[in-house]
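Let me begin by presenting the structure, written as structure tokens, before commenting on it.
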2 protein chains.
Amino acid sequence: MLDQTDIRIMDELSKNSRITMKELGEKVHLTGQAASTRVAKLEDQGVIEGYTIKVNQEKLGYVVHAIIHIFTKNTNHQPYLSFLKKHDRYILNNYKVSGESCYLLECKLPSNEVLDEFLTNLSHYVGYKLSIVINRIG
Amino acid sequence: MLDQTDIRIMDELSKNSRITMKELGEKVHLTGQAASTRVAKLEDQGVIEGYTIKVNQEKLGYVVHAIIHIFTKNTNHQPYLSFLKKHDRYILNNYKVSGESCYLLECKLPSNEVLDEFLTNLSHYVGYKLSIVINRIG
DNA sequence: TCAACTCCTTTCACATTTCAAGTAAAAACG
DNA sequence: CGTTTTTACTTGAAATGTGAAAGGAGTTGA
């Protein structure tokens, strides 16, 4: 399905998705047009889901990075999910998981005060355990 | 530091980072050149850290998405970190966290068999608790 | 009022993308 | 085994986008 050239294209685009097709072609020993055709195919196949940017959340004022283990109290999760939707500027990910907790919620927040308020509201809907990210490693 | 136009630019680039500067300009009511200048400034400030792609990991054969809570057995974490480096094709994130566990390790793996082997090796270095991601919600 | 600064626009030479046409090799088929 | 089809690529030309320079409008401060 994907050959070595496709892998290298994905690799280069992961590093810099705004590279020109001409330059990308040079990196993988194709003409710009050939590279462009392959990229279009990867998009069609859904292997490339989209093009985006890496944002420095701290420079945007989000200095607290929290990972919250959610334990739902009852079978209806909708109130929790609605609560999240109302605070989606803070939400990075919400994973439904197997294991001890029901959800793993990843958040970015501007301060401990806002986190405090967020958790207070959150506790109306679900139980939780809090982890604060100190650093990203590797 | 960032005005409303900058925010909208970040928003548009998050949705599609391969948009032309001309088109981006139209979306935020600027000429292409003005948009281009603002984007360059956002890059210089480090607010935009880079341009990348969203990859469908499942279509690449990574069907298992695991989040592993790591409990280090002793004070020297280096063996664990070296182990990760050797398996970096499986690693999405490794966060040092406060809370119950020491690290939160996010992995993508091609199968339960590979996960099994990975965990077996992992357990030589650290203790862990496993969560499997069922779905991403919101 | 004037100078300096910021932010934007216009213009134009140059680079890139896109489209159509053509080639070569591999795969499919009788 | 020969023929057709398909796939992956290249080439060239037209359309489109980019980057640099020059300049205008609004703001700040002496």
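Because the structure is predicted, anything quoted here is derived from the model rather than measured. The sequence lines fix the lettering, A, B, ..., with proteins before strands; numbering per chain opens at 1.
Residue A:Met21 contributes atom CE, which lies 13 Å from atom P of D:dT18 at whole-angstrom precision. If you measure from atom NZ of A:Lys22 to atom C1' of D:dT16, you get 15 Å, rounded to the nearest angstrom. Counting to the nearest Å, the P atom of C:dT9 and the CD atom of B:Glu26 are 12 Å from each other.
The side chain to side chain contact (heavy atoms under 4.5 Å, CB included) search around B:Lys85 returns none, not counting sequence neighbours. Residues satisfying the salt bridge (Lys or Arg N to Asp or Glu O under 4.0 Å) criterion with A:Asp44, sequence neighbours excluded, are absent altogether. Taking the side-chain hydrogen bond (donor to acceptor under 3.5 Å, both in side chains) definition, one finds that B:Glu23 meets it with nothing, sequence neighbours left out. For B:Lys73, there are no salt bridge (Lys or Arg N to Asp or Glu O under 4.0 Å) partners, not counting sequence neighbours.
Here ring pair (Phe, Tyr, Trp, His ring centres under 6.0 Å) pairs that include residues 46-66 of chain A, with residues two or more places apart or in two chains, are A:His65-B:Tyr95.
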Each nucleotide of nucleotides 5-15 of chain D classed B (base within 4.0 Å of a protein heavy atom), S (only sugar-phosphate) or -, in 5' to 3' order, makes ---SSSBB---

